[in-house]
**Q** 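Take a look at the following structure, please.
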Protein chains: 2
Amino acid sequence: MRKKKSNELLTEVELEFMNELWALGEGTVRDVLDRLPEGRDLAYTSAATILRILEQKEFVTSRKDGKSHVFIPSLGKDAYQTRSLKDLSMKLFDDTPVSLVARLVNDDELTDEALGTIRALVDRRLKNDTG
Amino acid sequence: MRKKKSNELLTEVELEFMNELWALGEGTVRDVLDRLPEGRDLAYTSAATILRILEQKEFVTSRKDGKSHVFIPSLGKDAYQTRSLKDLSMKLFDDTPVSLVARLVNDDELTDEALGTIRALVDRRLKNDTG
DNA sequence: TTTGAAAAACTAAAAACTTCGTATTTACTC
DNA sequence: GAGTAAATACGAAGTTTTTAGTTTTTCAAA
C-alpha cells in the first residue's frame with residue numbers, strides 16, 4: 001500500500017491563493033487575481049504560476065472551460081485547518097493540543113463571549129460522544 | 001514613539017533551534033547541536049549560522065563565556081506561542097480564534113480527557129474574570 | 001611563547017519561494 | 001483562413017532559507 005503524504009503545508013502565497021479558491025469554490029486565474037486585496041499588485045503570470053504550482057503539489061485540480069482553466073481545491077479548508085493545527089501543535093506545543101488551547105484561552109484579548117462559545121462547543125462535543 | 005515589530009515569525013529551522021534554547025534556558029552552539037535528535041546531522045558551522053541569524057533577528061541575545069558564546073532567548077516561548085496562534089488565526093481562520101478552537105474540538109483524535117481539560121481551563125478563566 | 005584544539009567570523013553554494021517576461025497556443029470574430 | 005485578444009506554457013531572475021566550507025581568532029596547555 002502506498003504511503004499517503006498528508007502533511008505537506010502551503011507556503012505563504014499558496015495559502016493566500018487557496019483562501020480565495022476556498023471562498024470561491026472554484027475559479028480561474030483571473031477570478032483569484034480579482035479577489036486579491038487593494039494594493040496587492042501581482043502580475044497575471046505570477047498568479048498563473050502559483051496556481052500551476054498548487055496543481056503540481058496536488059492541492060488543486062483543474063478543468064478546461066473555454067479558453068481558460070478553472071481551478072478546484074482538492075483539499076477542503078477544514079481538512080487543511082486540521083492539518084495546520086496538528087503541525088503547529090507538534091512544533092510549538094510539545095504535541096499536546098491542550099496546551100495550545102490553554103495558550104489561547106489565556107490570551108487577554110479573548111472576550112468572555114468567545115470563551116462562552118468555546119465552552120459550548122466543548123460541551124456539545126462531550127455530550128455527543130456519550131449520548 | 002518607535003513602532004515595535006512584534007509580528008515576525010520564525011522559519012522552520014529557527015523554530016527548531018529556539019525550541020532547544022527554550023528547553024535549555026540558554027546554551028552554546030554545541031549545547032543546541034547536542035540536543036538535536038538522532039539523524040539530524042547538521043554541521044557545527046550550520047548551527048552557528050542559524051544562531052547568528054537568530055541574533056540578527058533579535059530572537060536571542062548572547063554573552064561571551066570563555067571561548068564560546070552563550071545564546072539566550074529574548075522572547076519567551078509563551079509569547080511566541082501567542083504570536084503564532086494569532087498569525088494562524090488570521091491567515092487560516094478568518095481572524096476568529098473561536099473557529100480555530102472549534103476545528104480542534106471537532107478533531108476526532110482528541111480524547112474526552114483532553115476535552116475535559118479544555119473545559120476546565122475555560123471555566124477557570126471565566127470564573128477568574130468575574131470573581 | 002609556541003602550539004593546538006575549539007569556536008567564531010566570514011563567505012558562499014544549494015534549495016525553496018516569489019515574481020514576472022517572452023513565446024506559444026487557443027478560441028472567437030471578420 | 002487571417003487577425004486578435006486572452007490565456008497558457010516555459011524559463012528564469014531575484015530573494016530568502018538552509019547548509020556547509022575556509023579562514024581567523026581565542027584560550028589554555030605544554
Side-chain angles (χ1 to χ4, degrees), chain A residues 5 7-21 24 26-72 80 84 87-88 91-92, chain B residues 5 7-21 24 26-72 80 84 87-88 91-92:
Chain A
K5 57 153 183 184
N7 36 354
E8 304 257 352
L9 294 184
L10 296 163
T11 68
E12 186 102 357
V13 177
E14 285 165 3
L15 176 56
E16 184 186 12
F17 274 52
M18 287 301 289
N19 270 324
E20 304 308 342
L21 280 183
L24 284 167
E26 59 175 47
T28 64
V29 173
R30 185 66 62 194
D31 294 335
V32 173
L33 204 46
D34 286 349
R35 280 185 57 94
L36 295 183
E38 203 62 29
R40 177 71 162 113
D41 298 320
L42 204 52
Y44 179 93
T45 53
S46 305
T49 301
I50 302 291
L51 288 168
R52 175 164 52 83
I53 290 171
L54 283 169
E55 188 163 22
Q56 264 163 24
K57 296 190 180 176
E58 300 186 18
F59 283 108
V60 308
T61 58
S62 74
R63 65 180 156 77
K64 202 77 179 299
D65 179 34
K67 188 183 307 197
S68 3
H69 283 164
V70 177
F71 295 91
I72 306 116
Y80 186 74
S84 276
D87 179 75
L88 188 65
K91 292 191 179 138
L92 192 56
Chain B
K5 56 153 181 184
N7 35 355
E8 303 259 353
L9 294 184
L10 296 163
T11 68
E12 185 103 358
V13 177
E14 285 165 3
L15 176 55
E16 183 187 13
F17 274 54
M18 287 302 288
N19 269 323
E20 305 308 341
L21 280 182
L24 284 168
E26 59 175 48
T28 63
V29 173
R30 185 66 60 195
D31 293 336
V32 173
L33 203 46
D34 286 348
R35 280 186 56 94
L36 296 183
E38 203 62 28
R40 177 70 164 116
D41 298 319
L42 205 54
Y44 178 93
T45 53
S46 305
T49 301
I50 301 292
L51 287 167
R52 177 164 51 80
I53 290 171
L54 282 169
E55 187 163 23
Q56 263 163 24
K57 296 189 179 176
E58 300 186 21
F59 283 107
V60 307
T61 58
S62 73
R63 65 180 156 77
K64 200 78 179 299
D65 179 35
K67 188 184 304 197
S68 1
H69 284 164
V70 176
F71 296 91
I72 306 115
Y80 187 72
S84 276
D87 178 75
L88 187 66
K91 293 194 178 133
L92 191 57

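Quantities reported herein were computed from a predicted structural model and do not represent experimental measurements. Convention: sequence-line order gives letters A, B, ...; per-chain numbering from 1.
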**Q** For the residue pair B:Asp31 and B:Thr28, confirm or rule out a side-chain donor-acceptor distance under 3.5 Å.
**A** yes
**Q** What pairs with A:Asp87 under salt bridge (charged side-chain N to carboxylate O under 4.0 Å, His left out), at least two apart in sequence or on another chain?
**A** A:Lys91
**Q** Would you grab the first and last nucleotide of DNA chain C (5' to 3') that comes under 4.0 Å of any non-hydrogen atom in chain A?
**A** C:dC17 to C:dA27
**Q** Nearest 0.5 Å please: distance from the CZ atom of A:Arg63 over to the NE2 atom of A:His69.
**A** 11.0 Å
**Q** Can you list the residues that meet the salt bridge (charged side-chain N to carboxylate O under 4.0 Å, His left out) rule with B:Arg35, with sequence neighbours excluded?
**A** B:Glu20
**Q** Using a 4.5 Å cut-off on heavy atoms from C-beta on, say whether the side chain of A:Glu58 contacts that of A:Glu8.
**A** no
**Q** Report the distance from atom OH of B:Tyr44 to atom CG of B:Leu33, rounding to the nearest 0.5 Å.
**A** 8.5 Å
**Q** Mind checking the CD-CG spacing from A:Glu14 to A:Asn19? Nearest 0.5 Å is all I need.
**A** 12.5 Å
**Q** What does the inter-axis angle of the helix from C:dT1-D:dA30 to C:dC30-D:dG1 come out as, five pairs per end, nearest 10 degrees?
**A** 20°
**Q** To the nearest 0.5 Å, tell me how far A:Leu15 CG sits from A:Met18 CE.
**A** 8.5 Å
**Q** Under 3.5 Å, which N/O atoms of the protein pair with N/O atoms of nucleotides 26-30 of chain D?
**A**
| residue | atom | partner | partner atom | Å |
| --- | --- | --- | --- | --- |
| D:dC27 | OP1 | B:Gly66 | O | 3.4 |

**Q** Can you tell me how far apart OG1 (A:Thr11) and CD1 (A:Ile50) are? Round to the nearest 0.5 Å.
**A** 6.5 Å
**Q** Restricting both atoms to N or O, compile the protein contacts to nucleotides 13-20 of chain D shorter than 3.5 Å, with distance only.
**A**
| residue | atom | partner | partner atom | Å |
| --- | --- | --- | --- | --- |
| D:dT18 | OP2 | B:Thr11 | OG1 | 2.4 |
| D:dT19 | OP1 | B:Arg40 | NH1 | 3.2 |
| D:dT19 | OP2 | B:Arg40 | NH2 | 3.2 |
| D:dA20 | OP2 | B:Ala43 | N | 2.9 |
| D:dA20 | OP2 | B:Ser46 | OG | 3.3 |
| D:dA20 | N7 | B:Ser46 | OG | 3.4 |
| D:dA20 | N6 | B:Thr49 | OG1 | 2.7 |

**Q** Any side-chain heavy atom of A:Phe17 within less than 4.5 Å of one from A:Leu42?
**A** yes
**Q** In Å and rounded to the nearest 0.5 Å, what is the CZ to CG distance from A:Phe59 to A:Leu10?
**A** 4.0 Å
**Q** So among A:Ile72, A:Thr61, A:Asp65, A:Leu21, which one has a side-chain contact (heavy atoms from CB on, under 4.5 Å) with A:Glu26?
**A** A:Ile72
